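None of these values were measured; they are calculated from a predicted model. Order of appearance sets the numbers: ligands from 1, and atoms from 1 within every ligand. Residues: numbered from 1 along the sequence shown.
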Amino acid sequence: MSFLKGATVGYDTVNNKAVFIDQTLLPSKYTEVFTDDYGEMYDAVKSLKVRGAPAIGVFAGICIAVLINKAESEDYNTLFAKLEKICNDFVKCRPTAVNLKWALEKMLCEGKRSKEDIKENLKALALKMIDDDVAVCRKIGEYGAELLKDKNAVLTHCNAGRLAAVKYGTALAPVYVAKEQGHSIKVFADETRPLLQGARLTAFELKNDGIDTTLICDNTAATVMASGKIQAVLVGCDRVARNGDTANKIGTLGVAILAKHYGIPFYVCMPFSTFDFTISDGSKIVIEERNPEEVTDFWYKERMAPTGVNVLNYAFDVTPAPLVTAFITEKGVIRPSEIEKYI
Ligand code: MRU
């Protein structure tokens with residue numbers, strides 16, 4: 001019996017546990033993990049058991065609520081000091097996705113505002129984050145589906161679907177909503193080296209939903225675009241600077257350049273909170289670098305590259321704003337030139 005009922009992360013308030021699907025085991029094993037242990041929570045995000053910017057943010061909110069509610073003390077100052085300490089540490093876990101920082105800052109603000117009700121208030125905020133994420137992604141889906149009305153095939157990179165948020169996802173939300181509205185859209189999914197989020201997660205969730213899905217190697221994107229099969233590119237993102245420069249999974253920049261070359265609209269689907277108005281442009285976005293073994297060994301039984309070879313394992317890249325056709329958010333479709341209005 002599933003606790004999460006189709007969601008990726010959740011809050012078991014009866015037992016005060018954070019719940020998540022371990023995405024490193026997908027697609028072969030569907031495992032729900034219940035935890036109130038900070039080490040396990042941190043590792044879940046660091047090792048991509050919970051991944052995807054919105055999911056990381058909401059999960060962090062749930063974890064904070066669990067940890068503060070687990071504390072034996074009822075003294076406000078003790079609890080607030082604990083909250084501050086955890087938030088300051090957790091934020092370092094994955095540096096590129098702004099959603100982690102956003103969620104931790106929200107929890108911290110709520111903690112500051114609260115007094116004797118800090119435990120209850122943090123729990124309520126975590127539950128609200130879960131509901132809000134579902135509503136926001138639904139809205140993104142509705143705006144995006146509108147743009148896809150005359151289209152029958154899209155390409156996506158990495159996984160920005162259900163598994164990257166609480167429920168609908170961002171980049172795949174328009175596809176799900178279009179399907180609900182009776183319009184089936186075919187999806188070409190980049191496998192997304194090195195951790196294969198496209199192959200393991202996007203293909204898995206779309207296939208489960210009965211969406212016509214074709215998995216392609218990352219280096220096949222140009223060929224399918226050249227063949228005229230793709231009418232739009234939909235991707236998610238981890239952080240967008242004030243000028244519209246967009247950080248997303250490594251390889252997104254290449255896809256955006258290809259889309260520009262072939263005259264295909266390139267849409268970035270995201271909660272509005274993914275805008276980081278504190279930074280002027282993409283050069284200020286910290287790009288996470290991950291373990292070289294993800295490139296040489298990770299998903300294979302045998303090593304794929306010679307021992308000692310130099311490896312550069314950037315987890316994200318930055319797509320310059322001029323390559324983005326529009327951002328699809330819960331507030332509507334925003335062109336890069338319109339961002340200033342929202343600051
Ligand atoms: O390293 P990951 O798997 O967390 O990277 C995920 C992505 O790059 C997603 O496209 C992004 O977080 C948006 S998810 C809605």
Side-chain angles (χ1 to χ4, degrees), residues 7-9 20-24 26 44-60 93-103 133-134 136-141 144 155-176 187 189-205 218 233-240 246-256 266-276 285-291 294-295 298-299 313-319 324 327-330:
T8 304
V9 293
F20 64 90
I21 300 169
D22 182 345
Q23 298 191 32
T24 58
L26 290 173
V45 177
K46 186 84 199 159
S47 65
L48 272 53
K49 290 175 182 160
V50 176
R51 34 70 49 205
I56 295 171
V58 176
F59 182 66
C93 187
R94 294 207 72 194
T96 306
V98 75
N99 312 58
L100 178 61
K101 181 169 160 261
W102 170 86
D133 186 79
V134 176
V136 160
C137 290
R138 170 80 210 179
K139 268 289 192 227
I140 293 170
L155 181 137
T156 192
H157 188 72
C158 192
N159 172 264
R162 292 189 199 293
L163 289 163
V166 180
K167 230 169 185 168
Y168 288 98
T170 60
L172 299 185
V175 175
Y176 290 129
V187 179
D190 283 353
E191 62 172 346
T192 317
R193 276 279 291 156
L195 295 181
L196 304 179
Q197 287 93 331
R200 295 184 305 105
L201 308 175
T202 299
F204 170 77
E205 65 164 84
D218 294 334
V233 173
L234 298 178
V235 295
C237 64
D238 288 76
R239 193 182 294 240
V240 179
T246 297
N248 190 47
K249 179 53 53 195
I250 190 77
T252 304
L253 170 58
V255 173
F266 180 87
Y267 294 114
V268 175
C269 306
M270 55 182 251
F272 191 80
S273 54
T274 308
F275 280 119
D276 183 352
I285 300 176
V286 176
I287 298 295
E288 177 183 4
E289 273 191 65
R290 296 184 59 88
N291 189 337
E294 291 181 349
V295 178
F298 210 65
W299 299 104
N313 187 13
Y314 290 129
F316 299 96
D317 60 26
V318 174
T319 300
V324 176
F327 300 94
I328 306 177
T329 78
E330 74 276 20

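- With rounding to the nearest 0.5 angstrom, the OG1 atom of Thr274 is 10.0 Å from the CZ atom of Arg239.
- Under 4.0 angstrom from ligand 1, there are no non-hydrogen atoms of Leu195.
- Here the straight-line distance linking atom SG of Cys269 with atom CD1 of Ile140 works out to 7.0 Å at 0.5 Å rounding.
- Atom numbering of ligand 1 starts at 1 in the shown order; those under 4.0 Å from a heavy atom of Ala164 are 14 (S), 15 (C).
- Under a 4.0 Å criterion applied to the non-hydrogen atoms of Ala160, ligand 1 contributes the atoms 14 (S), 15 (C).
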*Starting from the C-alpha separation in whole Å, work towards a yes-or-no answer on side-chain contact (heavy atoms from CB on, under 4.5 Å) for Ile285 and Thr96.*
CA-CA 7 Å; Ile285 300 176; Thr96 306; 4.0 Å; yes
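- Using a 3.5 Å distance cut-off with no hydrogens or angles, the side chains of Asn159 and Gln23 do not pair a donor with an acceptor.
- Note on ligand 1: Cys237 sits in its first shell, one or more heavy atoms being nearer than 4.0 Å.
- If you run ring-ring contact (aromatic ring centres under 6.0 Å, His included) between Phe327 and each of Tyr267, Phe275, Phe266, Phe272, only Phe275 comes through.
- Using a 4.0 Å cut-off between heavy atoms, Ala53 contacts ligand 1 through both its backbone and its side chain.
- For atom 15 (C) of ligand 1, the nearest non-hydrogen atom of the protein is Thr170 OG1, 3.1 Å.
- Of the possible polar contacts, one joining the Arg193 side chain to the Val295 backbone as a donor-acceptor pair under 3.5 Å is found.
- Rounding to the nearest 0.5 Å places SG of Cys137 at 10.5 Å from CG of Leu172.
- Near Arg94, the atoms of ligand 1 lying under 4.0 angstrom from a non-hydrogen atom of the residue are 1 (O), 2 (P), 4 (O).
- Close to ligand 1: Cys158, with a non-hydrogen atom less than 4.0 angstrom away.
- At a heavy-atom cutoff of 4.0 Å, ligand 1 is contacted by no atom of His157, backbone or side chain.
- Which parts of ligand 1 touch Lys249 is read off a 4.0 Å heavy-atom cut-off, strictly below it: atoms 1 (O), 2 (P), 5 (O), 8 (O).
- Looking at atom 6 (C) of ligand 1, its nearest protein heavy atom turns out to be Arg51 NH2, 3.5 Å.
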_side-chain contact (heavy atoms from CB on, under 4.5 Å), that's the test. Do Leu48 and Arg94 meet it? Break it down for me._
CA-CA 10 Å; Leu48 272 53; Arg94 294 207 72 194; 3.5 Å; yes
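- In this structure, Val235 has no heavy atom closer than 4.0 Å to ligand 1.
- Close approach of ligand 1 to Pro54 is summarised as follows: ligand atoms under 4.0 Å from at least one heavy atom of the residue are 14 (S), 15 (C).
- Applying the 4.0 Å criterion to heavy atoms of Gln197 picks out, from ligand 1, the atoms 1 (O), 2 (P), 3 (O).
- Summarising the geometry, atom NZ belonging to Lys139 is positioned 13.5 Å from atom CD1 belonging to Ile328; distances are rounded to the nearest 0.5 Å.
- Heavy-atom contacts of Gly52 reach the following atoms of ligand 1: 4 (O), 12 (O), 14 (S) (cutoff under 4.0 Å).
- In terms of N/O distances under 3.5 Å, ligand 1 is approached by Asp238.
- A donor-acceptor pair under 3.5 Å is formed between the side chain of Thr202 and the backbone N or O of Cys158.
- Under a 4.0 Å criterion applied to the non-hydrogen atoms of Asn248, ligand 1 contributes the atoms 7 (C), 8 (O), 9 (C), 10 (O), 11 (C).
- Between Lys249 and Asp190 there is no side-chain heavy-atom pair separated by less than 4.5 Å.
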